[in-house]
Number of protein chains: 2
Amino acid sequence: MDAPRWLDEREDRAWRGYRRMRRLLDLELARELTQDAGLSEPDYDVLSDLSETPQGRLRLSELAHRMLWSRSRLSHHLSRMQQRGLVTREECADDARGSIVVLTPAGRQAIESAAPGHVAAVRRHLIDLLTPAEVDALGALTHRVVDHLADPGLRATRPQPTAEA
Amino acid sequence: MDAPRWLDEREDRAWRGYRRMRRLLDLELARELTQDAGLSEPDYDVLSDLSETPQGRLRLSELAHRMLWSRSRLSHHLSRMQQRGLVTREECADDARGSIVVLTPAGRQAIESAAPGHVAAVRRHLIDLLTPAEVDALGALTHRVVDHLADPGLRATRPQPTAEA
DNA sequence: GCCAGATCGATGACATGTCAACGAAAGCGT
DNA sequence: ACGCTTTCGTTGACATGTCATCGATCTGGC
């Protein structure tokens with residue numbers, strides 16, 4: 001761990017800005033979502049991903065994978081949403097272990113009435129504040145980082161135990 | 001709520017990319033931090049902010065403000081960190097209600113040994129993947145969004161109850 | 001000085017997220 | 001067909017975050 005390469009002024013500005021934006025944007029979007037639609041961000045994400053499928057149904061595992069959630073977290077969260085009547089679980093025909101998460105009419109209703117306001121908030125607090133070039137840059141940069149993180153090989157460019165186990 | 005302006009393809013790409021990056025980057029940074037230094041991200045942030053002050057001491061309220069945390073959350077978290085010997089609380093001389101959060105030698109030690117690795121991780125998974133122009137763009141864009149969100153006036157460009165209460 | 005209201009930090013109840021473990025059911029090689 | 005291993009979703013214990021509330025203290029107007 002010799003001579004750490006600290007962030008220079010510009011890098012630091014970007015990193016701090018990112019974290020601060022992250023926090024504030026989250027707070028504000030969550031606040032508006034709760035107030036206007038009675039949904040939390042996790043609620044919204046679940047409903048949103050479900051509603052993007054043709055039937056509004058997904059294997060729990062598949063949904064967890066798309067959301068980058070653990071199955072455990074999703075299972076807990078679904079139980080709460082099920083209580084509120086937003087989703088249901090059905091048994092899976094081809095795999096007796098599995099369960100299928102199904103959007104209820106109430107859930108469909110909830111996401112459809114929440115979406116316009118939420119998208120508007122995303123615009124108001126982020127997208128519409130950026131130039132088209134910045135939108136593209138953000139798209140490019142985030143996807144590059146995501147691809148990097150998703151690749152288990154690339155992620156490991158660090159002082160490695162070079163296979164001694 | 002007429003004709004919502006949905007996100008076009010590029011905007012959607014940026015927004016999804018942002019959220020995905022957010023999640024993956026967080027998971028990875030938290031993972032490495034725990035593994036290499038035994039700290040959570042919140043731990044690191046507290047220690048980091050404290051260590052940036054000359055004496056390693058801050059009013060609880062002031063620290064909460066800088067971190068964009070509620071006083072309650074910080075109080076709870078400090079209790080846990082105090083248990084582990086990373087920080088202490090001292091009474092405040094000029095305000096008998098207040099308490100001052102103090103970095104212990106162990107806390108100083110912890111942040112100093114964690115920092116190089118953490119910065120390296122931030123580089124590896126984010127900063128070093130960007131071009132200098134992208135770093136600058138990210139800095140500019142995030143700060144603009146932050147300024148916007150911090151300004152209670154600007155935040156309210158939405159279908160407003162136009163003062164009828 | 002005194003009182004009304006604001007602020008400070010702590011606390012308990014509760015919501016949410018993580019982690020390790022589990023039983024049940026598939027997959028897979030033989 | 002038989003075990004061994006993996007995967008699926010659930011569960012309970014626990015860590016963490018939020019929210020409302022509290023007592024103590026400060027502040028400003030009178």
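In this text the structure is predicted, and so the values were computed from the model without any measurement. The sequence lines fix the lettering, A, B, ..., with proteins before strands; numbering per chain opens at 1.
- Regarding contacts with the backbone of D:dC8, a side-chain N or O of A:R71 is found under 4.0 angstrom from either OP1 or OP2.
- Of the N and O atoms on the side chains of B:D36 and B:H118, not one donor lies less than 3.5 Å from an acceptor on the other residue.
- Phosphate contact (OP1/OP2 of C:dA10, side-chain N/O of B:S75, threshold under 4.0 Å): present.
- As a whole-Å value, the separation of A:L74 CG from C:dC19 P is 16 Å.
- For the pair A:R89 and D:dT10, the criterion of a side-chain N or O lying under 4.0 Å from OP1 or OP2 is met.
- For the pair A:H148 and B:R124, the tightest heavy-atom approach, listed with the atom from each and the gap, is NE2-O, 3.5 Å.
- Residues from residues 46-66 of chain B lying near DNA chain C, meaning a heavy-atom separation below 4.0 Å, are B:R59, B:L60, B:S61 in numerical order.
- The existence of a salt bridge linking A:D43 and A:R80 is excluded, since no basic side-chain nitrogen approaches an acidic carboxylate oxygen closer than 4.0 Å.
- Distance from the side chain of A:D95 is smallest for C:dA26 among the nucleotides C:dG9, C:dA26, D:dT11.
- Salt-bridge annotation for A:R13 and A:E9: absent, with no side-chain N of the basic residue lying under 4.0 Å from a carboxylate O of the acidic one.
- Rounding to the nearest 0.5 Å gives a distance of 11.0 Å between CG of A:D45 and CG of A:L50.
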Could you go through residues 131-141 of chain B and list every donor-acceptor pair under 3.5 Å that involves a side-chain atom there, pairing it with any protein atom two or more places apart or in another chain?
unit_1 : atom_1 : unit_2 : atom_2 : d
B:T131 : OG1    : B:E134 : N      : 3.0
B:E134 : OE1    : A:R144 : NH1    : 2.7
B:E134 : OE1    : A:R144 : NH2    : 3.4
B:E134 : OE1    : B:T131 : N      : 3.0
B:E134 : OE2    : A:R144 : NH2    : 2.7
B:D136 : OD2    : A:R10  : NH1    : 3.3

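- B:R5 and A:D128 are joined by a salt bridge, as a carboxylate oxygen and a charged side-chain nitrogen come within less than 4.0 angstrom of each other.
- Residues A:R97 and A:E91 are not paired through a salt bridge, judged by the lack of any N-O separation under 4.0 Å between the basic side chain and the carboxylate.
- If you measure from atom CG of A:D94 to atom P of D:dG9, you get 11 Å, rounded to the nearest angstrom.
- Put simply, CZ on A:R97 is 17 Å from P on D:dT5, counting in whole angstrom units.
- Going from atom CD of B:E91 over to atom C1' of D:dA24 covers 13 Å, rounded to whole Å.
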Could you write nucleotides 12-19 of chain D as a row of B, S and -, 5' to 3', where a protein heavy atom under 4.0 Å of any base atom gives B, of only sugar-phosphate atoms gives S, and otherwise -?
B---SSBB

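- Under the 3.5 Å distance criterion, with hydrogens and angles disregarded, no donor-acceptor pair is assigned to the side chains of A:R57 and A:T88.
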